[in-house]
Amino acid sequence: MFRVLTNCRLFAGGVDLTGVSNKVELALDREEKDRTTFGSGGAKERTGGLFDSSVSASGFWEAGSAAMVDDHMWARLGAHDAWTATEHGALVGDVAYLTKALGTTYKLLGAVGEVAPWEAEAKGDWPTARGLIAHPPGTARTATGTGTALELGAVAAGQHLYACLHVLSAAGTTPSITVEIESDDAEAFASPTTRLSFAAATDTGAQEAGRVAGAITDTWWRPKWTITGVGPSFLFVVSFGIK
């Protein structure tokens with residue numbers, strides 16, 4: 001089915017860039033290595049080399065707080081961040097593309113009379129994984145809990161599990177959230193196994209956790225969070241995928 005892009009979501013670090021972006025592109029590449037021999041019958045022979053990936057985005061410039069694009073990009077140029085992009089929405093179960101990437105380019109401002117633009121690019125430190133949104137951005141959490149069980153699939157031998165956490169807001173007195181990713185062989189999660197853990201977060205920001213190697217035969221996955229503090233409240237996004 002053809003799709004007109006009207007509701008992409010974009011999260012970089014601890015910032016939701018959806019409202020100031022109008023373009024996002026993911027590029028995935030694999031090096032082509034020549035392995036032609038005398039036995040090739042006169043044809044080229046090739047094999048795949050290293051994977052590479054990048055994220056590029058652009059939109060309309062804003063500045064003035066840590067949640068705005070200029071403050072974030074200025075601070076994170078040359079730093080590694082978690083990135084999550086979706087093609088349509090960010091509800092639980094929506095398809096997501098996630099990576100860890102180094103901020104390499106940030107362009108801003110432009111011609112007189114135009115709405116001030118921005119452009120940014122980040123180069124991947126991970127393969128870009130295709131997966132799902134496991135926790136949505138618009139649901140505030142104030143107490144310990146677990147997310148919806150999602151049938152992400154098994155992690156085959158030679159594959160890895162990847163996950164990103166974007167903490168978009170944190171409120172309360174000494175608030176803290178620790179997020180884990182669990183798996184099970186059934187939707188009911190009668191005997192869950194913790195597959196990876198993010199470090200405790202007390203403020204906005206992002207973490208990437210990944211390269212949990214297969215083979216893992218469990219096919220059901222969910223996030224689990226532990227929240228402490230006085231009157232804590234967090235808005236956060238979790239994405240996970242297999243590559």
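Just so it is clear, the structure is predicted and the values come from calculations on it, not from any experiment.
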Asker: Applying the 4.5 Å side-chain criterion to the ILVMFWY set and letting contacts propagate, would Val24 and Leu108 be lumped into a single cluster?
Answerer: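 Yes: a chain of side-chain contacts under 4.5 Å links Val24 to Leu108.
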
Asker: Can you tell me how far CD1 of Ile216 sits from CG of Leu152, rounded to the nearest 0.5 angstrom?
Answerer: 10.0 Å

Asker: Run Arg195 and Asp218 through side-chain contact (heavy atoms from CB on, under 4.5 Å) and show every step you take.
Answerer: CA-CA 11 Å; Arg195 297 297 180 179; Asp218 288 350; 3.2 Å; yes

Asker: Do Phe60 and Leu17 share a hydrophobic cluster, counting only Ile, Leu, Val, Met, Phe, Trp and Tyr and linking them when any side-chain heavy atoms are less than 4.5 Å apart?
Answerer: no

Asker: State the CD1-CZ distance between Ile181 and Arg222, to the nearest 0.5 angstrom.
Answerer: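 The CD1 atom of Ile181 sits 10.5 Å away from the CZ atom of Arg222.
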
Asker: Is it the case that the side chain of Glu45 and the backbone of Thr37 share a donor-acceptor pair, with hydrogens and angles ignored and the cut-off at 3.5 Å?
Answerer: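 Yes, Glu45 side chain to Thr37 backbone: donor-acceptor pair under 3.5 Å.
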
Asker: Please confirm whether the backbone N or O of Leu10 pairs with a side-chain atom of Thr18, one donor and one acceptor, at under 3.5 Å?
Answerer: yes

Asker: If every non-hydrogen atom of Pro117 is compared with every non-hydrogen atom of Trp61, which pair is closest and at what distance?
Answerer: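 For Pro117 versus Trp61, the nearest heavy atoms are O-CB, 3.7 Å.
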
Asker: Out of the candidates Phe51, Tyr97, Tyr162, only one should pair with Trp126 under the ring pair (Phe, Tyr, Trp, His ring centres under 6.0 Å) rule; please name it.
Answerer: Tyr162

Asker: Roughly how far, to the nearest 0.5 Å, is the CG atom of Asp184 from the CH2 atom of Trp220?
Answerer: 10.5 Å

Asker: Answer with yes or no whether the side chains of Arg35 and Thr47 bring together a donor and an acceptor at under 3.5 Å.
Answerer: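 Absent: no donor and acceptor within the cut-off.
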
Asker: Are Leu168 and Ile133 connected in the hydrophobic side-chain network, where two residues link if heavy atoms are under 4.5 Å apart?
Answerer: yes

Asker: Step by step, work out the side-chain contact (heavy atoms from CB on, under 4.5 Å) result for Ser58 and Asn22.
Answerer: CA-CA 6 Å; Ser58 59; Asn22 60 6; 4.0 Å; yes

Asker: Can you tell me how far apart CE (Met68) and CD (Glu62) are? Round to the nearest 0.5 Å.
Answerer: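 Nearest 0.5 Å value for the CE-CD distance: 5.0 Å.
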
Asker: Report yes if the distance between the aromatic ring centroids of Trp225 and Phe236 is under 6.0 Å, otherwise no.
Answerer: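 Yes - the distance between ring centres of Trp225 and Phe236 falls below the 6.0 Å cut-off.
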
Asker: Taking all heavy atoms of Thr99 and all of Val55, pick out the closest pair and write down the distance.
Answerer: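 Scanning both residues, the minimum pair turns out to be CG2-CG2, 3.8 Å.
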
Asker: Ignoring hydrogens, what is the shortest heavy-atom contact between Gly241 and Ala129? Give both atom names and the distance.
Answerer: C-CB, 4.2 Å

Asker: Looking at Asp71 and Ala63, would you say the former's side chain and the latter's main chain have a donor-acceptor pair under 3.5 Å?
Answerer: no

Asker: May I have the step-by-step check of side-chain contact (heavy atoms from CB on, under 4.5 Å) for Val212 and Val155, ending in yes or no?
Answerer: CA-CA 9 Å; Val212 177; Val155 184; over 6 Å; no

Asker: Give the minimum heavy-atom separation between Ala66 and Val15, together with the two atoms involved.
Answerer: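 Taking Ala66 first and Val15 second, the nearest heavy atoms are O-CG2, 3.5 Å.
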
Asker: Treat each ILVMFWY residue as a node, draw an edge where side-chain heavy atoms are under 4.5 Å apart, and state whether Val179 and Ile227 are in one component.
Answerer: yes

Asker: Using atom types as modelled and distance alone, determine if a side-chain donor or acceptor of Glu87 lies under 3.5 Å from a backbone N or O of Val95.
Answerer: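 Here the side-chain-to-backbone pair does not exist.
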
Asker: Contact between Thr146 and Phe189 at the side-chain level, heavy atoms closer than 4.5 Å - yes or no?
Answerer: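 The answer is no, as the side chains (C-beta and beyond) never meet within the 4.5 Å cut-off.
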
Asker: Are Phe198 and Leu98 co-members of a hydrophobic cluster defined by side-chain heavy atoms under 4.5 Å apart?
Answerer: no

Asker: Got a second to check how far Gln159's CD is from Lys243's NZ, nearest 0.5 Å?
Answerer: 9.0 Å

Asker: Looking only at heavy atoms, which two atoms of Ala200 and Ser176 are closest? And how far apart?
Answerer: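 Between these two residues, the closest heavy atoms are CB-OG, 3.8 Å.
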
Asker: Where is the tightest heavy-atom contact between Gly153 and Ile242, given as atom of each residue plus distance?
Answerer: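 Closest approach of Gly153 to Ile242, heavy atoms only: O-CD1, 3.5 Å.
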
Asker: Flag the pair Arg9 and Asp94 as a salt bridge only when some basic side-chain nitrogen lies within less than 4.0 angstrom of an acidic carboxylate oxygen.
Answerer: no

Asker: Looking at His166 and Gly14, would you say the former's side chain and the latter's main chain have a donor-acceptor pair under 3.5 Å?
Answerer: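 A pair under 3.5 Å: no.
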
Asker: Does atom CZ of Arg130 have more than 12 heavy-atom neighbours, drawn from other residues, nucleotides or ligands, at distances under 6.0 Å?
Answerer: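 At most 12 heavy atoms, drawn from other residues, nucleotides or ligands, come within 6.0 Å of this atom.
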
Asker: Rounded at 0.5 Å granularity, tell me how far SG in Cys164 sits from CZ in Phe240.
Answerer: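 Reported to 0.5 Å precision, the distance equals 12.0 Å.
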
Asker: Look at the side chain of Thr104 and the backbone N and O of Glu121, then say whether any donor-acceptor pair between them is shorter than 3.5 Å.
Answerer: yes

Asker: Walk me through it: do Asp52 and Glu31 pass the test side-chain contact (heavy atoms from CB on, under 4.5 Å)?
Answerer: CA-CA 8 Å; Asp52 196 9; Glu31 286 184 326; over 6 Å; no

